[in-house]
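For reference, the structure is listed below as structure tokens.
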2 protein chains.
Amino acid sequence: MQTVSLKLSPTEFHFRAKRLLDHIKRQQLSGAVLFDNFHVTYYTGFAFIPTERPICFAMNADGERALFVPRLEVEHAKAEAQAERVESYVEYPGNPHPMKQFAEILRRLEIREKIGADNDGYPWILGYQGEALSSLTGAQIIAVNPFVEHQMMLKSDAEIALIRESCKWGNLAHRLLQKYTRVGANETEVSIRAGNEATLAMIDALGSLYRSQSMWSRGASAGYRGQIGRNAAIPHALTTNAIFMPGDVLVSGANAPMWGYNSELERTMIIGAASAEQKKFFEHTVALQDTALAAIKPGAKCGDVDCAVRAYFDQHDLMSYWRHHSGHAIGLRYHEGPFLDVGDDTTIEPGMVFTVEPGLYAPHPSTSSGQAVGGFRHSDTVVVTQDGIEALTYYPRDLASLTIPV
Amino acid sequence: MQTVSLKLSPTEFHFRAKRLLDHIKRQQLSGAVLFDNFHVTYYTGFAFIPTERPICFAMNADGERALFVPRLEVEHAKAEAQAERVESYVEYPGNPHPMKQFAEILRRLEIREKIGADNDGYPWILGYQGEALSSLTGAQIIAVNPFVEHQMMLKSDAEIALIRESCKWGNLAHRLLQKYTRVGANETEVSIRAGNEATLAMIDALGSLYRSQSMWSRGASAGYRGQIGRNAAIPHALTTNAIFMPGDVLVSGANAPMWGYNSELERTMIIGAASAEQKKFFEHTVALQDTALAAIKPGAKCGDVDCAVRAYFDQHDLMSYWRHHSGHAIGLRYHEGPFLDVGDDTTIEPGMVFTVEPGLYAPHPSTSSGQAVGGFRHSDTVVVTQDGIEALTYYPRDLASLTIPV
């Protein structure tokens, strides 16, 4: 009997590797070398916390896959990674430096000239310092990022199933967040309680089917990221432990990483009856999101979606409240390309998964009320189909449903 | 009346900037450009979540500091950043690309030739793609990482005070973790409950004095990261929602980011009476840690500490259980340089803060018992003083204190 699991199958990883191999051959590369942790996870299924200890993936023109890890990750990598070999170095910085050994492994794999790579060496994070790949190998380095990123943009049915499952538990966390958000409560307390209960329900419901496989979170979460009242106008503010007050405009966020895959659900909620001005901004927010949703279709450009949204901003004289583009792709990363941005001319294709989230931010007192209004943003996760989109998020978007009673 | 706060003062940031300026002058650079998010936070106090939208810091040879952010971060950056100017671009990818505008700002700041930088352009994370700094400016790029990393290694009294405060709340989270860890409980449930309660106690105790200013966590946390029983032998395994069983050897971790600063507390705990073999490994773990602690002193090399630890491994025939070096520095980052590693010849100086954490990992059945033993590691955070070290961690390290009753 086969064990039921939501985990991606080895077949999925063979298919991914095959596509990369096709690219290597088409470009007449000696192989591909990847340093970005999400790129490594994408091709091997090995999820890990990136540190100053390099973890690198290499594939040669025969399709042989090697994962290079520090000694302390060997058992973990052998248990999890889809790769023909797991090679290890003792430690970083070590003596000799791990990259000397990696260069030797590349030589043995006959990855020698014209190497496709996503970076010219391991990135200098958390104090890591080391030689560039070009200098280590003497090879010409060809950027493979455009290919890798494009492959990652097109989600398989199995990936979409994980994102769909993520949406469910993000929905639960957000439902609880809304339920516990009350005047006088602290945002941290409410966020913790909602995330806690949603996570426990999820792991009891999914049992061994579930792993977060995320370095960011071990379960479902929902919170405000500091976007409370006046602070709501700062789109990415970090948390400030605010106490909820009547009249606050809240911008929330919820997610539940599912075997590494993310979804995004964000809602604007208002504590108590919305003022006329808040109501006006709320309605524009929904209309802006509708504008974006209507513009996403196979064959259109990502930039077209953002142009349609900006046209709405212009028509309604809202540009002074504009702060960011209309959305981004999502998957193993909470943000990834392509972007629903005027400057992104990527063609939209079936299998792309986007967050759709135009926002309005009114941090300064308007002339009519003398009060700051706040930030307004809904974010829904959608997948592009053969002829349009399917919404994966199903949380209500209307003001009545998103008003917190006082 | 001055408001009490644990937040670092503007003076602290002026002092940091002054040191960087001295370096710029000494090296006859036209200025410094930093892309790493922790480097930017270190010099400006502006904490943010790095995304595909570049955020960059520049300082010219007159000491003028500029922070370059997307439109959506302008209010946030102006409110938080210690910098003479906050410059913004519309959006990424945008049109034109933000880096074109950044190059223009560098020209206006007269950062033109011989630029000190921590990377040749914004790193290609989360789908970001863009031109290298050298290509944008035509300037020679000189690595400033060694200088910046060295400056960050030497913590000020204010930074040490934050790490000390972090230790307290990490201690509480760990105390609760230990209290709730019982046979039959799920690691996720226990971790959530401990982190939840410790965080609520902390924010009630510290009130407005507290901000996590971390993208990883909004409060105190404690957990097992999957290091339960057999999995305990995989040092950095991600969580697996294990159920605690008698005989499990657990390796825990606790932290509470305090205005961005981290501490590390890790303990080996055993559920029920330790077997003779577990006891032997536990005692070696404590002895190894004592060996490392005794070797950390100003003037010694980081490598000396690891050599002393490795000598203990050799003397007691333990190298087959060795997986990683003896520790690392900690601060704004949960790992940073220098490393207590044979390959790190950095001289230990007062003000450095290290985790001290040699570990033993026995994943395979030993001949004597036929059973896998598990992983063993304590991690304590210590600060180097004028003549030795001061422990910032004060959680008990002995087996009796770390045995979970069954």
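This one's a predicted model, so the numbers in the text were calculated from it and none came from an experiment. Convention: sequence-line order gives letters A, B, ...; per-chain numbering from 1.
- When heavy atoms are compared at a cutoff of 4.5 Å, B/Asp36 approaches chain A solely by way of its side chain, counted from C-beta outward.
- In summary, the aromatic rings of B/Tyr128 and B/His97 are positioned with their centroids under 6.0 Å apart.
- Taking chain A as the reference chain and counting heavy-atom pairs below 4.5 Å, the highest number among B/Val342, B/Leu200, B/Asp204 is found for B/Leu200.
- Residue with the most contacts toward chain A among B/Ser191, B/Gly207, B/Pro123: B/Ser191 (heavy-atom pairs, distance under 4.5 Å).
- Of the listed residues (A/Glu189, A/His328, A/Met152, A/Glu91), the greatest number of heavy-atom pairs within a distance under 4.5 Å of chain B belongs to A/Glu91.
- For chain B, no part of A/Asn37 is nearby; none of its heavy atoms comes within less than 4.5 Å.
- In this view, B/Tyr89 and B/Phe68 satisfy the ring pair (Phe, Tyr, Trp, His ring centres under 6.0 Å) rule, not counting sequence neighbours.
- A cation-pi geometry, defined here as NZ or CZ lying under 6.0 Å from the six-membered ring centre and within 45° of its normal, does not hold between A/Arg71 and B/Trp322.
- Contacts between A/Glu336 and chain B at a heavy-atom distance below 4.5 Å involve backbone atoms as well as side-chain atoms.
- The existence of a salt bridge linking A/Arg211 and A/Glu80 is confirmed by a sub-4.0 Å separation between a basic side-chain nitrogen and an acidic carboxylate oxygen.
- Top candidate by heavy-atom pairs under 4.5 Å with chain B, chosen from A/Asn119, A/Leu126, A/Asn95, A/Asp120, is A/Leu126.
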Check: Given the rule in the salt bridge (Lys or Arg N to Asp or Glu O under 4.0 Å) test, do A/Glu73 and A/Arg53 qualify, once you have shown the distances and angles that lead to the verdict?
Finding: CA-CA 10 Å; A/Glu73 292 280 17; A/Arg53 296 179 176 107; over 6 Å; no

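- Looking at A/Ser88, there are no atoms closer than 4.5 Å to chain B (heavy atoms on both sides), in backbone or side chain.
- Side-chain atoms of B/Asp344 come within 3.5 Å of backbone atoms of B/Phe339 as a donor-acceptor pair (strictly under, hydrogens ignored).
- For chain B, the nearby parts of A/Ile192 are the backbone and the side chain; heavy atoms of each come within less than 4.5 Å.
- If you measure heavy-atom distances from A/Pro96 to chain B, you find no contacts under 4.5 Å at all.
- Both the backbone and the side chain of B/Val90 come within contact range of chain A, with heavy atoms under 4.5 Å apart.
- Using a 4.5 Å cut-off between heavy atoms, B/Pro338 makes no contact with chain A at all.
- Taking chain B as the reference chain and counting heavy-atom pairs below 4.5 Å, the highest number among A/Gly127, A/Gly223, A/Pro93, A/Gly195 is found for A/Pro93.
- B/Asp306 does not touch chain A: none of its heavy atoms, backbone or side chain, sits under 4.5 Å away.
- Atom-to-atom distance recorded for A/Glu264:CD and A/Phe354:CZ is 13.0 Å, nearest 0.5 angstrom.
- Taken from OG in A/Ser320 to CG in A/Leu360, the straight-line distance is 9.0 Å, to the nearest 0.5 Å.
- The aromatic rings of A/Phe46 and A/Phe48 lie parallel to each other, their planes meeting at an angle below 30°, with 60° marking the opposite boundary.
- Highest contact tally toward chain A, considering only B/His325, B/Glu149, B/Arg333, is held by B/His325 [criterion: heavy-atom pairs under 4.5 Å].
- In this structure, the portion of B/Gln129 lying under 4.5 Å from any heavy atom of chain A is its side chain and not its backbone.
- Contact tally against chain A (heavy-atom pairs below 4.5 Å) for B/Val74, B/Val148, B/Asn186, B/Asn145: the top residue is B/Asn145.
- Taking 4.0 Å as the cut-off between side-chain N and carboxylate O, B/Arg193 and B/Glu197 count as a salt-bridged pair.
- Scored by the ring pair (Phe, Tyr, Trp, His ring centres under 6.0 Å) test, B/Tyr180 finds no partners at all (sequence neighbours excluded).
- B/Tyr92 touches chain A through backbone and side chain together, each having a heavy atom under 4.5 Å away.
- Put simply, the side chain of B/Ser212 gets close to the backbone of B/Ser217: a donor and an acceptor are under 3.5 Å apart.
- Of the atoms belonging to A/Pro98, not a single heavy atom falls under 4.5 Å from chain B.
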